[in-house]
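First up is the structure itself, then whatever we jot down about it.
Each ligand, and each atom within it, is numbered from 1 in the order the structure gives.
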Amino acid sequence: MSSTGITVRVPAKVNVRLAVGAARPDGFHDLANVFLAVSLHDEITVTPSDALRVTCSGPDAAQVPLDRTNLAARAAELLAARHGISPDVHIHIAKDIPVAGGMAGGSADGAGALLACDTLWKTGASREELLDICAELGSDVPFSLVGGAALGTGRGERLTPLEVGGTFHWVFAVADGGLSTPAVYGEFDRLTAGTDVPAPTASPALLEALRTGDAGALACSLANDLQPAALSLRPQLADTLAAGTAAGALAGLVSGSGPTTAFLAKDADTACAVADALIASGTCRTARVATSPAAGATHVRD
Ligand code: C5P
């Protein structure tokens with residue numbers, strides 16, 4: 001934190017179980033969404049300014065929208081509106097979370113800006129109010145604030161914290177270009193049309209694997225109901241998944257609505273070897289290693 005600015009660090013996420021129910025009347029889908037925060041972070045710094053503006057630095061900065069569609073800008077506007085103040089703030093995003101989709105990088109920036117503005121403006125919002133604003137910003141945003149591990153129900157925004165008994169080692173294969181989340185859910189609807197979509201649940205085996213920190217058991221329980229839809233829209237992701245498992249990952253899956261794919265490795269050395277092999281395979285733009293769980297949105301102090 002500088003003398004005039006407030007900096008908040010926010011993690012990316014991976015979904016170790018994304019169970020998707022049938023489309024609701026409001027167009028959203030009920031989920032049983034098991035989130036794990038991972039050690040790739042954005043840092044959001046807010047400083048007083050004469051108008052709301054957003055800047056971004058980092059290797060993927062050119063792909064980040066700097067207008068009012070950025071969740072960080074919307075977070076500042078929502079908090080300011082609730083407290084009858086003007087959202088005159090400069091939001092700087094130091095981006096390290098890959099901009100590719102499926103890792104909640106935009107949600108992280110929304111949660112980070114919200115917490116930072118609350119501190120800068122001394123609005124003193126309660127945890128409930130912050131979570132409420134997060135849910136208004138997007139289904140994944142409350143988890144970015146909370147971090148750790150949690151089961152998200154409803155459209156993913158209602159969180160129950162989960163216990164994690166160890167460190168998990170991950171590799172993320174970053175694809176070229178994005179995948180639209182609504183398009184992936186739409187493809188899920190198309191693929192499941194006429195079938196009886198079961199109510200979404202998280203398996204007890206998965207929750208037990210998290211609780212005991214057992215990577216082998218977690219690998220057997222990883223599942224994403226959006227994966228067939230993501231693969232249908234982006235068939236090349238099958239090559240990335242095959243390359244990661246061939247390189248020694250315990251298992252791989254599409255992260256969230258993709259196109260990022262996530263691979264669980266048995267230890268840090270294997271994770272590095274899998275990342276190298278994925279990059280060499282030419283089936284992804286780049287690959288990053290990370291561990292989980294990670295803390296949620298946290299103030300950074302000088
Ligand atoms: O909540 P968020 O803005 O992240 O959602 C983006 C889009 O993803 C929604 O407009 C909807 O199409 C889809 N979605 C969904 N069911 C959810 C979460 C997201 O259908 N539980």
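Judged by the 6.0 Å distance and 45° axis criteria, R155 is positioned over the aromatic ring of F28.
Salt-bridge check for E187 with R234: failed, with every basic side-chain N at 4.0 Å or more from each acidic carboxylate O.
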Ligand 1 N/O to protein N/O, distances under 3.5 Å:
| unit_1 | atom_1 | unit_2 | atom_2 | d |
| --- | --- | --- | --- | --- |
| ligand 1 | 1 (O) | S139 | N | 2.9 |
| ligand 1 | 1 (O) | S139 | OG | 2.6 |
| ligand 1 | 16 (N) | H29 | N | 2.9 |
| ligand 1 | 20 (O) | H29 | ND1 | 2.7 |
| ligand 1 | 21 (N) | H29 | O | 2.8 |
| ligand 1 | 21 (N) | R155 | O | 3.0 |

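Under the 3.5 Å distance criterion, the side-chain polar atoms of D42 are left unmatched by any main-chain donor or acceptor of D109.
The aromatic rings of H92 and H90 sit perpendicular, their planes meeting at an angle over 60°, well past the 30° parallel limit. Between F143 and F35, the ring planes lie parallel to each other; the angle is under 30°, not in the 30° to 60° tilted range.
A donor-acceptor contact closer than 3.5 angstrom links the side chains of D189 and H29.
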